[in-house]
Amino acid sequence: MPFTHAICRLPARTFADGLTSSKLGRPDFAQMRLQHAAYVSVLRKLGLDVMVLEPLPEYPDAHFVEDAAVVTPEVAIITRPGALARRGEVDHIQEVLAQHRPLAFIRAPGTLDGGDVLQVEQQFYVGLSARTNRAGAEQLTAILAEHGYGCTAVPLTASLHLKSDVNYIGRDTLLVTDAWAEAPVFAAFRKLVVVPEEAYAANTLLVNERLLAPQGFPQTHAQLRAAGFEIIEVAASEARKMDGGLSCLSLRF
Ligand code: CIR
């Protein structure tokens with residue numbers, strides 16, 4: 001089903017105080033705001049009704065809205081983010097999502113970040129990561145099952161989130177980092193494997209048959225184009241400095 005809506009949140013002036021493991025330097029606020037505005041405008045050009053929420057300076061990572069919820073046509077599942085510093089973000093997203101969907105909740109001791117949740121049609125995959133624990137994954141699986149979706153848990157070893165490394169780009173194809181090229185859980189998919197120096201570009205976002213790809217990853221872009229995918233390049237350098245990718249910046253539904 002095509003997406004008709006998206007929720008984004010403006011980055012706060014404090015955004016550089018968020019969590020990060022990247023060694024790419026301190027991000028620039030003005031650049032981040034410009035890149036965010038361009039991202040919103042791409043979603044709008046694709047026909048989505050984009051709601052842009054106010055910044056939350058007390059939660060510097062709150063513009064990575066994807067982590068706070070998982071939205072399907074039937075339900076919005078409010079997560080319980082694995083990082084304590086981000087846990088309160090959900091109170092702010094739930095009031096917005098309540099206007100669009102019935103709500104369900106991940107509850108203690110479960111933790112879950114939306115970045116660990118990959119949807120491929122009726123099937124979900126949930127990364128077990130430093131942010132998402134087994135209890136969170138089991139709760140998600142039970143909620144999704146009530147609505148007819150399957151959900152498979154996938155242990156991660158290195159990356160922040162499952163979607164840092166594995167993304168569905170349509171036509172039975174996953175865009176993956178090389179660590180996932182042979183993963184048995186994804187054996188049934190066609191795969192495009194990004195070169196190691198472009199691992200960040202694995203977080204490419206499918207929106208209504210178009211791909212939003214982070215700017216500056218020419219080998220990945222060439223691979224995607226050669227495989228017949230149409231891409232829209234979007235600048236993401238400042239989000240990247242905070243471990244964020246293009247998918248993290250919106251909730252699509
Ligand atoms: C964090 O560490 O939580 C943020 N700085 C980055 C979150 C990225 N979110 C995502 O990949 N869904």
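Counting starts at 1 for both ligands and their atoms, in listed order.
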Connected-component partners of Val193 among ILVMFWY, side-chain separation under 4.5 Å: Leu118, Val120, Tyr125, Val154, Leu156, Leu162, Val166, Tyr168, Ile169, Leu174, Leu175, Val176, Trp180, Val185, Phe186, Phe189, Leu192, Val194, Leu206, Leu211, Leu224, Phe229, Ile231
Any nitrogen or oxygen of [X], main chain or side chain, under 3.5 Å from a nitrogen or oxygen of ligand 1?
X: Asp113; result: no
X: Arg131; result: yes
X: Ser247; result: no

Protein residue, atom and distance nearest to atom 6 (C) of ligand 1, heavy-atom basis: Met242 O, 3.3 Å
For atom 11 (O) of ligand 1, closest protein heavy-atom neighbour: Cys248 SG, 2.8 Å
Residue part near ligand 1, for Lys163, under 4.0 Å between non-hydrogen atoms: neither
Per-residue contact class, Asp61 against ligand 1 - non-hydrogen pairs under 4.0 Å: side chain
Carboxylate-amine/guanidinium contact [X] [Y], below 4.0 Å:
X: Asp116; Y: Arg131; result: no
X: Arg33; Y: Asp28; result: no
X: Arg252; Y: Glu66; result: yes
X: Arg171; Y: Glu230; result: no

Nearest neighbour of atom 9 (N) of ligand 1 from the list Leu19, Asp67, Asp116, on a heavy-atom basis: Asp67
Selection from Glu89, His161, Arg86 by shortest heavy-atom distance to atom 3 (O) of ligand 1: Arg86
Glu182, CD atom: more than 12 neighbouring heavy atoms under 6.0 Å: no
Enumerated ligand 1 atoms positioned under 4.0 Å from heavy atoms of Gly115: 12 (N)
Ring pair (Phe, Tyr, Trp, His ring centres under 6.0 Å) contacts in which one or both residues fall within residues 191-212, not counting sequence neighbours: Tyr200-Phe217
